Each structure stands twice: as structure tokens, then as C-alpha cells.
Engineer: 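Pasting a structure below so you can have a look.
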2 protein chains.
Amino acid sequence: MASKPSIPKGTRDFSPAEVAKRQYIIQIIKTNFEKFGFQPIETPSFENSDTLMGKYGEEGDRLIFKILNSGDYLAKADTTLLENRDSLKLTSSISEKALRYDLTVPFARYVVQHQNDIEFPFKRYQIQPVWRADRPQKGRFREFYQCDADVVGSTSLWQEVELVQLYDGVFSDLGLEGVTIKINNRKILSGIAEVIGAKDKLIDFTVALDKLDKIGEDGVKKEMLEKGISETAIEKVQPLFNFTGTITEKIEKLATLLASSEEGLKGVEELKFICENVANLGMQKSILDLDVTLARGLNYYTGAIFEVAPPASVSMGSIGGGGRYDDLTGIFGLKNMSGVGISFGLDRIYLVVEELNLFPETVKVTTKALFINYGNAEAFYAMKAIAELRKAGIKVELYPDNAKVGKQFNHADKRNIPFAVIAGETEMNNKQFALKNLATGEQVLLDFEALKKALL
Amino acid sequence: MASKPSIPKGTRDFSPAEVAKRQYIIQIIKTNFEKFGFQPIETPSFENSDTLMGKYGEEGDRLIFKILNSGDYLAKADTTLLENRDSLKLTSSISEKALRYDLTVPFARYVVQHQNDIEFPFKRYQIQPVWRADRPQKGRFREFYQCDADVVGSTSLWQEVELVQLYDGVFSDLGLEGVTIKINNRKILSGIAEVIGAKDKLIDFTVALDKLDKIGEDGVKKEMLEKGISETAIEKVQPLFNFTGTITEKIEKLATLLASSEEGLKGVEELKFICENVANLGMQKSILDLDVTLARGLNYYTGAIFEVAPPASVSMGSIGGGGRYDDLTGIFGLKNMSGVGISFGLDRIYLVVEELNLFPETVKVTTKALFINYGNAEAFYAMKAIAELRKAGIKVELYPDNAKVGKQFNHADKRNIPFAVIAGETEMNNKQFALKNLATGEQVLLDFEALKKALL
């Protein structure tokens with residue numbers, strides 16, 4: 001092979017340093033998931049195609065990676081489709097399996113398939129890779145991890161309260177100050193549509209309102225008019241154009257605005273319960289904010305909608321999101337199973353923690369000390385100590401070869417190993433070890449017990 | 001959808017209890033990998049097809065899962081191949097990517113691709129799923145995890161010594177007594193072939209000898225003769241038919257037997273170094289044994305060969321294996337890069353630990369206590385305590401709904417939650433909590449600090 005090997009576009013190799021940092025974040029997410037009572041499940045990387053196809057819209061279907069059937073996959077392929085080179089229609093006859101596109105649909109499939117073994121309410125978390133044949137670009141990959149926590153089987157709003165706390169717990173443990181957890185409610189949005197007398201214009205309305213920061217009140221109103229929303233309607237929701245104040249004030253404004261909409265008022269009531277309880281229980285380092293323009297997954301969520309913005313000093317899109325959905329498992333035939341869940345965006349959180357320099361130094365240290373190899377007799381002396389240190393949980397290594405000492409120290413340096421242990425003939429004969437701090441150059445002679453203590 | 005959804009054959013869903021047990025094993029493997037100085041890397045789930053194809057033989061090529069190109073994949077397909085329905089030859093024109101078949105070839109690709117960033121000797125571990133289109137059967141899956149540790153860039157035999165200790169460390173931490181780590185050396189096998197004057201009969205010879213337990217000395221000799229190995233040759237290796245004794249005795253027998261083979265004697269010397277040092281350093285709970293019939297990956301390994309057998313009380317195939325290979329990265333153009341590595345068979349280790357009932361009770365406990373929900377005021381009182389307990393790292397939950405108390409206790413029971421906390425109106429007014437041990441039925445009234453202490 002002449003040229004260096006490579007990997008498919010949109011995929012990544014992770015070096016030891018990168019894996020350590022990713023694991024640091026994942027471990028904090030996992031620990032918090034479990035503190036909140038979520039239990040892990042894992043589903044297969046590929047599902048039967050009919051489990052996934054048609055669940056993410058036409059665009060989603062296109063972005064799902066399909067796996068070619070094994071063996072003589074063309075044997076049963078339709079002749080006409082082959083002759084016409086109809087890629088789209090042929091796919092289902094030469095591919096029966098597809099790579100997971102997200103964790104939500106496999107979770108719904110899991111719940112329905114195992115419904116008799118599951119004790120509801122079921123709080124599950126899942127941290128696994130997903131695959132999308134998206135055009136790769138900065139920060140968008142074809143293989144990436146999703147970290148999801150969902151509860152199904154209860155409509156209790158305490159769960160929304162806990163999910164806000166869960167976000168706060170993870171981001172606080174990561175040392176992030178001022179993460180904003182934005183909350184809205186699908187029923188508020190429906191209520192607004194009802195009030196303006198245009199249920200069908202809900203998305204146009206929200207998309208336009210979302211641009212308030214960028215194009216100003218006049219610009220937003222212009223866009224709304226262009227989309228066919230009447231002046232009278234726009235007048236009715238005038239308070240949304242100056243939607244500031246505390247959450248309590250915002251909720252009061254909404255209650256007035258939506259006085260004529262039953263669904264809207266239900267949304268106000270839900271928001272009030274969640275926000276009041278979150279406020280009274282207190283947040284650690286995050287901020288809760290009510291954002292009435294928040295509309296992610298509008299076709300999907302039926303109650304609370306969440307989206308998380310990184311600290312204001314970092315310019316980056318959302319680092320998490322979620323919401324309440326009343327019919328997740330309906331697609332697989334199990335009705336009336338309300339759920340609510342949130343997701344963490346691992347790749348973006350990684351970039352935020354990196355940018356704010358919040359990865360602890362300990363993440364970078366892997367091996368604590370490298371024993372210098374002075375030949376077989378000394379190496380055996382070192383290996384005896386090494387075996388005992390490892391039993392005590394200390395990460396230590398012997399340089400495998402009796403190479404030049406300078407080369408061995410250089411190896412420790414390049415590997416970010418903070419200590420070297422010199423166990424040459426003299427040290428061996430005196431049953432001692434010279435411990436050298438590679439940052440300061442300081443060196444001390446120790447017996448084994450003192451060495452162990454120093455490295456613990 | 002009328003029928004319940006399902007998953008592709010050969011794949012598995014893992015329930016919370018199963019994930020917890022798998023994570024318990026993986027955590028022990030990881031901890032030991034890191035104690036021995038191995039660092040984690042991760043590679044993409046799919047590789048470019050030309051990275052994988054041709055690396056595992058014809059059978060391997062067939063078992064690799066291929067990913068269909070996105071978009072109009074038929075547009076550029078060869079007309080003749082389509083017309084002839086030549087599945088085999090068409091594949092490369094409609095599929096450019098394939099799912100990882102093992103972790104070794106992606107590791108070799110990684111080393112070559114990143115050779116300028118890697119500090120050698122490079123000790124890496126990798127714990128990721130692999131996929132094979134094998135016919136599914138008991139204990140054989142189409143998606144399963146491999147757990148590999150390899151060192152590349154040094155020929156030092158201390159690494160073989162350490163890999164034996166690493167096996168011992170993992171299996172001892174899992175509580176397994178009497179795991180047998182079998183060792184052999186490719187050079188011994190080559191030496192035997194040299195001595196019997198039939199280098200080309202090496203595999204036939206080893207396969208036959210391996211059946212000694214089952215078909216006895218006469219049976220083995222009969223098979224060898226049938227395979228064209230001469231009587232004189234068989235006579236020369238007569239000691240192998242009664243190959244018992246301590247490792248030291250076995251090594252002496254081999255030294256005599258292979259006296260005329262330079263390569264064979266090199267193998268004896270290597271084995272001696274490894275076995276003597278392992279013995280002098282001591283093993284925890286495992287046994288090292290020299291098995292001259294061991295020949296796994298014969299085309300591949302160039303020095304030490306390892307295979308691990310579970311404790312004798314469990315009837316199961318090997319739970320690990322590995323060896324030394326002198327030209328791993330040669331397939332990608334990087335020569336003279338010796339490596340040695342071992343692998344742990346997660347699925348089989350799981351079954352062994354399960355059969356011997358060695359999963360600790362703590363693996364089964366997820367949430368420590370369930371707070372019973374007596375309505376919103378009491379739930380808020382509970383949530384205040386819950387938030388504090390979680391900050392102290394304690395896994396606690398509120399039952400989300402104000403359901404009948406019996407139903408809530410039943411939920412704790414089914415979830416294996418050991419404690420319930422009763423915080424009803426009375427307890428709330430007295431600033432107390434009733435902690436109920438659900439195994440014994442014992443109940444105590446505590447203030448918050450005492451509750452925290454009891455649950456820590």
C-alpha cells in the first residue's frame with residue numbers, strides 16, 4: 001500500500017488524550033443520571049430497517065446508513081428496479097438493516113418489545129453512538145455519541161423539575177458557570193396560535209419571532225405579514241415583542257395573553273409548577289429562563305420543551321435539549337405512554353469545557369511513574385515493586401527495553417508521566433528506589449513503603 | 001404496526017441489570033489496563049472498505065458487514081455486473097465503507113496513520129463493539145465487544161511477562177480462582193516441524209496433537225500417519241505424547257527435543273524467560289501452564305501465543321487469547337513494528353462470572369432509596385432532601401406520582417431498591433423522615449442528617 005491509510009469522512013479517531021477527556025465528561029453525565037435514578041440500557045447498533053425508516057421524515061430516511069444484505073444480495077432483487085437503476089426503490093430489497101440514527105426510536109422500540117418485563121415508570125439512560133449520512137462539516141460528524149435520559153409511564157411534572165436539576169447537576173460538576181436552561185411549553189405555542197386565530201401559522205409565527213434579536217421588532221412583524229399572519233393577530237401578541245423580566249413576570253404576561261385559550265392556560269400552569277419548584281429548590285450554577293420562542297421538535301413535543309445554551313462567554317449552539325412527548329411508543333403500537341427526556345450534546349460540551357480550560361489536570365495524567373530499565377536483574381527488582389504498587393491501584397510502568405537512560409526519560413516526558421523511578425544496581429543492592437519528580441527535577445531515595453506512599 | 005417490533009438476529013438488547021453486570025466486568029478490565037500503563041483509543045465503527053477487505057481471508061471478507069453508499073448508489077454501478085447479478089463483484093462499486101470486524105486491523109491502521117504523533121513503545125487498549133455476519137448461535141453474536149490491549153514498538157519479553165500478570169490481575173479482581181493462562185511459542189511449533197522434517201505439516205501435526213485428551217496416543221498417531229507424517233518423525237517427538245510435569249520440566253524436555261533446531265531453541269529460551277519471571281514474581285489466583293498444542297492464529301503470531309481457560313468447574317471455551325506478532329503494521333506499509341497483545345472475551349467472561357455467582361450484590365443495587373410521594377407539599381419537602389442527598393453522591397428518587405402507597409412500595413420492590421423513605425404530613429411537620437428497610441421491614445424515624453448518614 002503506497003499511501004497512508006485513512007478513515008471515512010465525517011468519522012474520527014480518538015487519541016488517548018481525547019478519550020480521557022471524553023470519558024471524563026461521560027462519567028459525570030453517567031454519575032448524575034444514576035444519582036437521579038436513571039438506569040442504563042443498550043440497544044444494537046443496527047436495527048431492522050422497518051424499525052427506523054419513516055420515523056424521521058424523508059430527509060431522515062435519506063440520512064440513515066443502510067447495511068447491505070450478506071451473501072448473494074442481488075439474487076432476489078427486482079429486475080425492473082435493477083434495469084432502471086432505481087436506487088431508492090431497490091434499497092429495501094438488498095438491505096434489511098440500518099444503523100441507528102438516534103437513541104429515541106430504538107428506545108421506543110425497546111419499551112414496546114419488552115413492555116412486559118419493564119417496571120413503569122421506567123427511567124432509562126443510554127449513551128451510545130449514532131450514525132447519520134449528513135454532509136460532514138465543522139462540528140458535525142457521521143458518527144457521534146448521544147447521551148439521553150428519559151422517563152416513560154408518568155405524566156408527573158416533578159420529572160420536568162428533576163430534569164432541570166439534572167442539567168444543573170451535570171453542568172455544575174463540569175465547572176460551567178451560567179449555563180442557561182431555556183424552557184417553553186408546546187401548549188403555550190398552541191395557545192398563541194389559537195389566540196391569533198391561525199393554528200396553521202404556528203411554525204411561521206415561531207420562526208419569525210425567534211429572529212427578534214437579529215432583525216428587530218419591525219423585521220419580525222414584516223416577516224409575519226409576509227407569511228400571511230394578519231395585523232390584528234400580530235397586535236394581539238404585542239407583549240411577546242418585549243418579553244423581558246423575571247420568569248414570574250413572564251408567566252403573568254402569558255396568563256393575560258392566553259386568557260382565552262384553555263390549552264394555553266394549561267401550558268402556563270405547567271410552566272408555573274416547574275419554574276416555581278425549580279426556583280424554590282434552588283439551582284447550583286445554572287440559570288433557568290423562560291423562552292417563548294423555543295420550538296425545537298415542534299411536531300414531536302406535547303408539553304415542556306428544553307434547550308440548553310452554554311455560558312454567554314462561549315459562542316456555540318445548544319449543548320442539550322429535550323421535552324415532553326405524549327405518544328412516543330405509539331409508532332410501535334403501544335398507546336398512552338407519556339414520556340419526558342433530555343439529551344446532552346457530548347461533542348459541543350467537550351468544546352465548551354476545552355475552550356474554558358475546565359478539564360482538570362488529573363485527566364491528563366495516565367501513568368504515575370515510569371521505572372527506568374537498567375537490564376534484566378534490575379528490571380526484575382523493579383517488576384516486584386511494580387506488581388505491589390499496581391495491587392494498591394497505582395498506575396506504574398517499566399520501560400520495556402534496556403535503552404539509553406536519556407531515551408527512557410524522554411519517553412516519560414513525551415507521555416506526560418510525572419515521575420521516574422530509578423532502580424539501578426546501587427538502589428537494588430540497598431533495597432531502595434530513587435523517585436524523581438520530572439517537573440521539578442527533585443530526586444529522593446526511598447524504601448518501598450515510602451515509595452508507595454509517595455505515589456498513592 | 002400490528003406485531004411487536006423486534007431486533008435483527010444475532011443482536012441483543014441489554015436491560016439495566018445486564019448493562020450493570022457488563023459494566024462491572026468492563027470496569028475491572030479498564031482499571032487493570034490502566035494500572036499496566038495501557039491508554040485508551042477509539043476508532044470509527046466503520047472503516048473504508050479497502051482498509052478491511054483482504055485482511056481476514058476469503059471467509060472474513062464474506063463476514064464483513066458492508067454499508068450501502070448513500071444517495072443514488074446505482075448511478076455508477078457497472079452495467080454488466082448488474083445484468084449478471086454478480087453480487088460479489090458489484091459490492092465494491094455500491095459500497096465504500098464496512099463495519100469494523102475486529103479491533104486489530106483498525107489499530108494497525110491507526111498506528112500507521114498517526115505514526116508521527118505516537119510515542120513508541122505505544123501501549124493502547126480499546127474496548128469497542130465489532131460486527132460479523134456469522135450465522136448466529138448460542139454464545140455467538142453478530143455484534144459483540146472486544147477488549148484488547150497491545151504494545152507496539154518493542155520486542156522486550158517483559159511485555160509478555162506483564163501480559164500474563166494483566167490476565168491474572170483481571171481474573172483475580174473478578175474473583176475467579178484457577179483460571180489457566182496457557183502459553184506456547186510459535187518458534188517452538190516451527191522447531192517441531194523442523195525436527196520432524198516436515199515444515200508444511202505443522203498445522204496437521206498440531207491439530208492432531210491437540211486431540212490427545214479425546215482420542216488418546218494411538219488415535220493421534222493414526223491421524224498423523226493419515227496426514228502423511230512419517231513414523232520416524234512421530235518417533236522423534238514421542239516426549240510430546242506424555243508432555244506432563246511442571247513448566248520447568250516441560251521446558252527441559254523441549255530443550256532436548258529441539259536441540260537441533262535453532263529457531264526451536266530460541267522459542268525455548270523465550271518461554272523460559274517469561275515463565276521463570278512470572279513464577280518468581282508470583283501469580284494471584286491464576287495458573288500459568290505451558291501447552292505445546294496451543295496454535296491459535298498460527299499464520300499471524302511469531303512469538304508467544306496465549307490462550308485462557310476458565311476455572312475447571314466451568315465448561316466453556318477460551319475466555320481470552322493473544323500473542324506476539326512481528327509485522328502487524330506491514331499491511332499498511334509500516335515495517336519492523338513488533339507488537340504483542342491480549343484480548344478478553346467479554347461475553348464468555350460474563351457467563352463464567354454468572355455461573356459461579358460472582359457478581360457482587362452491589363452491582364444489583366442501583367437506586368438506594370425511593371421517597372414515597374404523598375402529594376405536592378410533601379413531595380416538595382422530599383425533593384429538598386433528595387437534592388441534598390444527591391449532592392452527597394447518594395442515588396435517591398421520588399416516586400413521580402401521588403399514587404396509592406402500596407403501588408409505590410411495590411415499585412421499589414420490583415426495582416430492587418433496598419430502602420423507602422416515608423415523608424408524609426406528620427414527618428414533614430416534625431422535620432423528620434421514616435426510613436424503612438424493605439428487606440427486614442424495620443423502620444426508623446430520623447432527622448435529615450441521620451438519614452444522610454444511614455444512606456451514605
Side-chain angles (χ1 to χ4, degrees), chain A residues 1 4-5 7-8 11 13-16 19 34-35 37 39-48 51 65-68 70 72-74 82 85 87 95 97 109-110 112-113 119 121 129 133 143 154 156 158-159 281 332-333 366-367 379-380 383-384 387 390 395 397-398 400-401 411 414-415, chain B residues 1 4-5 7-8 11 13-16 19 34-35 37 39-48 51 65-68 70 72-74 82 85 87 95 97 109-110 112-113 119 121 129 133 143 154 156 158-159 277 281 332-333 366-367 379 383-384 387 390 395 397-398 400-401 411 414-415:
Chain A
M1 199 172 289
K4 262 199 198 176
I7 52 177
T11 68
D13 279 330
F14 294 107
S15 69
V19 173
E34 292 183 3
K35 277 202 286 193
Q39 297 181 285
I41 68 162
E42 288 178 14
T43 62
S45 296
F46 47 73
E47 297 271 350
N48 291 322
T51 299
F65 279 113
K66 287 99 187 168
I67 294 172
L68 198 56
S70 302
D72 188 8
Y73 55 88
L74 286 176
L82 269 181
R85 293 176 178 251
S87 296
S95 161
K97 293 181 287 289
R109 193 266 309 145
Y110 180 98
V112 177
Q113 188 175 335
E119 166 64 16
E143 173 176 39
S154 163
S156 165
W158 283 111
Q159 297 171 143
L281 289 164
F332 297 115
T366 51
T367 290
F380 179 77
M383 280 295 287
K384 279 207 296 191
R390 284 175 180 161
K395 298 173 187 168
E397 282 178 63
L398 171 72
D401 299 289
H411 181 74
K414 284 195 174 154
R415 293 263 318 277
Chain B
M1 199 172 291
K4 261 199 199 178
I7 53 177
T11 68
D13 278 331
F14 295 107
S15 70
V19 173
E34 291 182 4
K35 276 203 285 192
Q39 297 180 284
I41 68 162
E42 287 177 16
T43 63
S45 296
F46 47 72
E47 295 272 351
N48 291 322
T51 299
F65 279 113
K66 287 99 187 166
I67 294 172
L68 198 56
S70 302
D72 188 7
Y73 55 88
L74 287 176
L82 269 182
R85 293 174 180 254
S87 295
S95 161
K97 293 180 287 288
R109 193 267 309 145
Y110 180 97
V112 178
Q113 188 175 336
E119 166 62 17
E143 173 176 40
S154 164
S156 165
W158 283 112
Q159 296 171 143
N277 278 297
L281 290 164
F332 297 114
T366 49
T367 289
M383 280 294 287
K384 277 206 298 191
R390 285 175 180 161
K395 299 172 187 170
E397 282 178 63
L398 170 73
D401 300 289
H411 181 73
K414 285 195 174 153
R415 292 266 315 278

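We name chains A, B, ... by the order of the sequence lines, and we start the count at 1 in each one. Here the structure is a predicted model, which is why all the values come from computation and not from measurement.
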Engineer: Can you name the closest pair of heavy atoms from A:Pro44 and A:Arg109 and give their distance?
Structural biologist: CD-NH2, 3.7 Å

Engineer: Ignoring hydrogens and angles, tell me if any N or O in the side chain of B:Tyr73 forms a donor-acceptor pair with the backbone of A:Ser87 under 3.5 Å.
Structural biologist: yes

Engineer: Can you tell me which of A:Ile41, A:Asp13, A:Leu398, A:Leu68 forms the most heavy-atom pairs within a distance under 4.5 Å of chain B?
Structural biologist: A:Asp13

Engineer: Tell me if a side-chain donor or acceptor on A:Ser95 pairs with a main-chain N or O of A:Ile67 at a distance below 3.5 Å.
Structural biologist: yes

Engineer: Heavy-atom cut-off 4.5 Å, strictly under: side chain, backbone, both or neither for A:Thr366 against chain B?
Structural biologist: side chain

Engineer: With respect to chain B, which residue among A:Phe65, A:Phe46, A:Trp158 yields the maximal number of heavy-atom pairs within a distance under 4.5 Å?
Structural biologist: A:Trp158

Engineer: For each of B:Lys384, B:Lys395, B:Arg85, tally heavy-atom pairs with chain A at distances under 4.5 Å, and name the one with the top tally.
Structural biologist: B:Arg85

Engineer: As an exercise: rank B:Pro129, B:Ser70, B:Ala379 by heavy-atom pairs under 4.5 Å with chain A and give me the winner.
Structural biologist: B:Ala379

Engineer: Side chain, backbone, both or neither: which part of B:Thr367 has a heavy atom under 4.5 Å from chain A?
Structural biologist: side chain

Engineer: Could you tell me which portion of B:Ala387 (side chain, backbone, both or neither) has an atom closer than 4.5 angstrom to a non-hydrogen atom of chain A?
Structural biologist: side chain

Engineer: Does the pair A:Glu47 and A:Lys97 meet the rule for a salt bridge (Lys or Arg N to Asp or Glu O under 4.0 Å), with working shown?
Structural biologist: CA-CA 6 Å; A:Glu47 297 271 350; A:Lys97 293 181 287 289; over 6 Å; no

Engineer: For the CD1 atom of A:Ile7 and the OG1 atom of B:Thr51, what is their distance to the nearest 0.5 Å?
Structural biologist: 9.5 Å

Engineer: Is B:Gln159 in contact with chain A via its backbone, its side chain, both, or neither, using a 4.5 Å heavy-atom distance?
Structural biologist: side chain

Engineer: Within this structure, what is the OH-CZ distance for the pair A:Tyr110 and B:Phe14, rounded to the nearest 0.5 Å?
Structural biologist: 10.5 Å

Engineer: Do B:Thr11 and B:Glu143 meet the criterion of a side-chain donor-acceptor pair at a distance under 3.5 Å?
Structural biologist: no

Engineer: Could you tell me which of B:Arg390, B:Glu119, B:Gln113, B:Lys66 has the largest number of non-hydrogen atom pairs under 4.5 Å with chain A?
Structural biologist: B:Arg390

Engineer: Heavy-atom cut-off 4.5 Å, strictly under: side chain, backbone, both or neither for A:Ser15 against chain B?
Structural biologist: both

Engineer: Report which part of B:Glu34 has an atom under 4.5 Å of a heavy atom belonging to chain A: side chain, backbone, both, or neither.
Structural biologist: both

Engineer: Let me know if B:Thr43 has heavy atoms under 4.5 Å from chain A in its side chain, its backbone, both or neither.
Structural biologist: both

Engineer: Locate the shortest heavy-atom distance separating B:Ser156 from B:Ser154; write the atom from each residue and the value.
Structural biologist: N-OG, 3.1 Å

